[in-house]
Amino acid sequence: MQRSEMSSVAELKERHMAATETLTSLRQRLRERRLQLLDTDVATYARAQGKSPVSFGPTDLVCCRILQGHTGKVYSLDWTPEKNRIVSASQDGRLIVWNALTSQKTHAIKLPCAWVMTCAFSPTGQSVACGGLDSMCSIFNLSTPLEKDGNLPVSRTLSGHKGYVSTCQYVPDDDTHLITGSGDQACVLWDITTGLRTSVFGGEFQSGKTADVLSVSINGSNSRMFVSGSCDATARLWDTRVASRAVRTFYGHEGDVNSVKFFPDGNRFGTGSDDGTCRLFDIRTGHQLQVYSPQQQLQNGGNNNPNPDVTSIAFSISGRLLFASYSNGDCFVWDTLLAEVVLNLGTLQNSHESRVSCLGLAADGSALCTGSWDTSLKIWAFGGHRTVI
Amino acid sequence: MDSTSQPNGNDRPPTSRSQSNTTSSNYIGKHRLTAIISQHNQQIQLIQEELDQLETLGEASLVCGQLISSVESSTDALLPVTRGPADGGWDRWFQRANQSSSSRHRRRWI
């Protein structure tokens, strides 16, 4: 009996080895085929078409507001779709809602769990959401009357994740659903009205390697699609109707993918990573269209200088500019098409005194907000001479 | 995982500790191996599908062209040169709170 049991284990081990070999060689073939199809990148193509990089004068992009009020590092920020309001989350254990135009604080929300990592504004601007080390996502309705201690009460708690909530975003045009990403390696689509999970994407029971999810971005043109960035150096594209497996997995980065953002046209997305680069991927073909590498930019010859991590990215409303913040305090403005750094917000007048941890663009594209470990948020806008063609 | 039931109906108790450990670890090993093989086969199928798909998708250059068109046809308030129409609201960041948006005199906020 035991002999036959032993031999069936041996058979299984052989089948396992064979399957592993097939898998390895297929992966290699896929990599090679993809490389063959990468006949160019965006910058090479654009240069060949005679495009020249965006040119900023010294006072074109300026800091036009400084939002002060947090007493700890700012970790996350999000704008409302109706242009001027921002919610920010900080190490001080608070969310602050700002009118960015007037610099006034409209709400200061003391959180039940101080270890917050992410925040989001609902599409109507009526609610804000946050999440962090408590593994939960808390929803606050901004028009709820304050409690006796002056605090805004939590109106809904979304619990179910088995790890920290690193990122959250409301589904566009839908105050009742949001997507979270977590240290438990899964993303979840929540129904806020019931507090229940509608779908779970990824996580420990899925096939293949998985790792902590650090960032999500929902496609503004097709809200059924979202991208997640993970500690396993990949980004994954998901269809909310198909939770069982990712539509596609995007390889290329060599470190944690800290930030993902859909490109404005909805057909590409950008990523920022601990490997110091940002990348642009095409969702339909899976091609890696461009690598944005500061080391090449600055012609930094020393290999012993580690590349600073990319902490956050955002695209301008046309996609021509890619804003990328780094752990060394730089905040590069990349010309997306030419893959050149055209400005460094980290060296301008009124730049932050410490690393920028989060970036976000106003809904009409007229301003960029940066949030920093120096506890402030800053608003940047174009104040130079604009040529409209 | 129920390690006390044996699939081959072997009622003979193990005669030594190591034999018992080998039996149960083989049993657990079988299930784990089967699960891993199944996962691998799933992944093989997915990669095969992706390889087949790649044959029809075309090179990066095709996509680059589309990308450039999409970017250049969009308006952008943060660019020095942009396609129109411009929106008067773009410059609200440089207007004082008590000025109307139609005011001709705008201050720079530097």
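Just so we're on the same page: letters track the sequence lines, and every chain starts at 1.
Note: A:Asn84 leads A:Val333, A:Asn84, A:Leu280, A:Leu61 in heavy-atom pairs under 4.5 Å with chain B. Most heavy-atom pairs under 4.5 Å with chain B, from the set A:Leu321, A:Leu368, A:Asp39: that is A:Asp39. With respect to chain B, the highest number of heavy-atom pairs below 4.5 Å among A:Arg284, A:Arg34, A:Gln49, A:Arg15 belongs to A:Arg34.
Taken to the nearest 0.5 Å, the SG atom of A:Cys64 stands 11.5 Å off from the CD atom of B:Gln95. Note that CZ of A:Phe323 and CG of B:Leu78 are 5.0 Å apart. Values are rounded to the nearest 0.5 Å. Atom CD1 of residue B:Ile68 and atom OG1 of residue A:Thr336 lie 11.0 Å apart, to the nearest 0.5 angstrom. To the nearest 0.5 Å, atoms CG (A:Leu337) and CG (B:Leu67) are separated by 6.0 Å. Between atom CD of residue B:Gln43 and atom OG1 of residue A:Thr20 there is a gap of 9.5 Å, rounded to the nearest 0.5 Å.
Using a 4.0 Å cut-off between a side-chain N of Lys or Arg and a carboxylate O of Asp or Glu, B:Glu50 and A:Arg245 do not qualify as a salt bridge.
Between the side chain of A:Arg65 and the main chain of B:Trp93, a donor-acceptor pair closer than 3.5 Å is present.
In this structure, the portions of A:Ala100 lying under 4.5 Å from any heavy atom of chain B include both its backbone and its side chain. Of the two parts of A:Asn267, neither the backbone nor the side chain holds a non-hydrogen atom closer than 4.5 Å to a non-hydrogen atom of chain B.
Here the closest non-hydrogen pair linking B:Ser70 and A:Asp265 is OG-OD2, 3.2 Å.
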